[in-house]
Amino acid sequence: MPGLMQHWSLTCTRILDHAARNHPTREIVSRSVEGPTHRTTYAEMRDRALTVAKRLSQTGLREGDRAATLAWNTWRHMEVWYGLLGIGAIYHTVNPRLFPQQIAWIINHAEDRLLFVDLTFVPIVEKIWSELTTVEHVIVLTDAANMPETGFPASPYEDWLAEADADFTWAELDENAAAGMCYTSGTTGDPKGVVYSHRSNVLHAMSAAIPDMLGLSARDRMMPVVPLFHANGWSLAFSCPLAGAAMVMPGPRMDGEALWELLDGERVTVTAAVPTIWLMLLQYLEKSGKTLPHLERVVIGGAACPRAITKAFEETYDVRVMHAWGMTEMSPLGTVCSIKPEVSGLDGEDKLDLQEKQGHTPFGVEMKITDDAGVEQPWDGKTFGRLKVRGPAISQTYFKNDTPIVDADNFFDTGDVAHIDANGYMQITDRAKDVIKSGGEWISTIDLENLALLHPHVSEAAVIGVSHPKWDERPLLIIVPRDGCTPDASDILASFEGRIAKWWMPNDVVFVDEIPHTATGKIKKTALREQFSDYAFPDEA
Ligand code: ADP
């Protein structure tokens, strides 16, 4: 017998409708690219998004068409998302930190017809314009007064938008229709396009918002520092309006001082970004003596959150750390380390041990670990395995490539290596391609990096495997010292003693001024491996 409930299509614009009706005066505050702070509300944002939708349909954009954005987190960027969604077109966020040629490749591959671009990124478009084969028009996210001369056909957004009004009805769409796109950096081969559906975005936003995940509420003021172009903006453009949380958008400035100004001045209660951002904020706080009286929680993901960062937030600034793991292919949330009753008695170093784990899954993500032969491994907190996931907001194929990226049971191999404990807390020990294979055993580079970061003279640390005649590979520790410090290699290694198995000890430490990062702020291990490809350990020299 079929169920007797209504069919209510899970389309993304329903989220904005909900926010505008139930939280009409809730603020979206942005640091604009032009400089001044801009304030709007969910009710106004819905009107503007309807106007964008009407203007897009006047332009001839149709259901299924793609439009790219090269933009910071601001109210304009978000209303463009919803405007596109409202006609069944697809928002395609492009990471402006990629090389210009990669940006051109991605836009051509997605066949984007329009390009929405912040003032900051106009020079990138100038550089790649001649290579773009599908973009018909560029809309610069500013007003006429701030519009620069461009060597490509472009309009200032506010003028472009003024040619329409909000008298528009969202398109009726199948909830399984494509809604958004995001390319993963793909360390090998070309970038891969992940395509989200309306349904996957809505389901994902619902499970991301619940208390043990991001725990968003109408009393929150969430500052997404993570850019909308990183992994579906961690769903915050959906989960915040869904929960009725106010939003504080940092625009182009993400230095420690700029973030502190917003955290303090806008009384932000919860924020989210990758560890490197938080490192900058903590250094600023330490230097300036500033504190975080309003901030209650910080979501840290995208790369392993070093214990030192968690300790500083929790113990010095009284801010709860929520370590999270996810992937572009997962919309992106996979796990959050929030406290279940089973572990609520932990404190001090034991609690920090727990918080080094990436956490447990929300409803809608099933995970397992397997050995190389695909045999499922136990949840004992020790046994490593390849981490595999399935769920309604996890990709099954990439754009323009019909080959499934899931196995016969629909599990997607994340490329991460992890263990899971009896309480369901998962801990990533490495990317499969970064793990060091020494004498047939695995050494976790993330564990070693976390230990190095506990040393007071270490600002940033990376561990890579370097080939070794006897052991295949051995760990090399690469360190960026803190400003004004000259750490001693043997002193750093001495601090590891008793905390790791002897054979995990790095064979050498090198000091560098800078460690290369990817476009999403992660340590670029491929570049480090190349840089140190001729390196020979002292005992072999
Ligand atoms: P990009 O590399 O382009 O930023 P993703 O954001 O999709 O693409 O990267 C996902 C990968 O980032 C994961 O597979 C994992 O290796 C890593 N990652 C994300 N969060 C964490 C975390 N909390 N700890 C360790 N690794 C993480």
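Each ligand, and each atom within it, is numbered from 1 in the order the structure gives.
Listed by number with element, the atoms of ligand 1 under 4.0 angstrom from any heavy atom of Gln358 are 22 (C), 23 (N), 24 (N), 25 (C). Counting the atoms of ligand 1 from 1 in the order shown, those under 4.0 Å from a heavy atom of Ala324 are 20 (N), 22 (C), 23 (N). Residue contact check: Arg431 has heavy atoms under 4.0 Å from atoms 11 (C), 13 (C), 14 (O), 15 (C), 16 (O) of ligand 1. The ligand atoms of ligand 1 that sit less than 4.0 angstrom from a heavy atom of Thr328 are 5 (P), 6 (O), 7 (O), 8 (O). For ligand 1 and Thr520, the ligand atoms under 4.0 Å from any heavy atom of the residue are 1 (P), 3 (O), 4 (O).
The backbone and the side chain of Met327 each have at least one atom closer than 4.0 Å to an atom of ligand 1 (non-hydrogen atoms only). The proximity of Ala519 to ligand 1, defined as any non-hydrogen pair under 4.0 Å, does not occur for either the backbone or the side chain.
Under a 4.0 Å heavy-atom criterion, Gly302 is in contact with ligand 1. Note on ligand 1: Cys305 sits outside its first shell, no heavy atom being nearer than 4.0 Å. Using a non-hydrogen distance threshold of 4.0 Å, His230 registers as a contact of ligand 1. Heavy atoms of Asp416 come nearer than 4.0 angstrom to ligand 1 in at least one pair.
Evaluated for a side chain to side chain contact (heavy atoms under 4.5 Å, CB included) with Lys388, the options Asn410, Asp413, Asp409 yield exactly one hit, Asp413. For the side chain to side chain contact (heavy atoms under 4.5 Å, CB included) with Trp325, the qualifying choice from Leu333, Thr414, Val336 is Thr414, the only one to do so.
Interatomic distance, Leu259 CG to Trp278 CH2, rounded to the nearest 0.5 Å: 6.0 Å. Atoms CG and OG1, from Asp434 and Thr526 in turn, are 8.5 Å apart once rounded to the nearest 0.5 Å. Atom OG1 of Thr271 is separated from atom CG of Asp220 by 11.0 Å, given to the nearest 0.5 angstrom. Separating the OG atom in Ser239 from the CD1 atom in Ile210 is a distance of 12.0 Å, to the nearest 0.5 Å. From Arg253, atom CZ reaches atom CZ of Arg31 across 5.0 Å, with rounding to the nearest 0.5 Å.
Ligand 1 has no N or O atom lying under 3.5 Å from any N or O atom of Thr184, backbone or side chain. Between Ala304 and ligand 1, at least one N/O pair is under 3.5 Å apart.
Screening residues 412-456 for ring pair (Phe, Tyr, Trp, His ring centres under 6.0 Å), with sequence neighbours left out, gives His360-Tyr425, His455-His457.
Of all heavy-atom pairs spanning Thr397 and Asp402, the tightest one is CG2-O, 3.5 Å.
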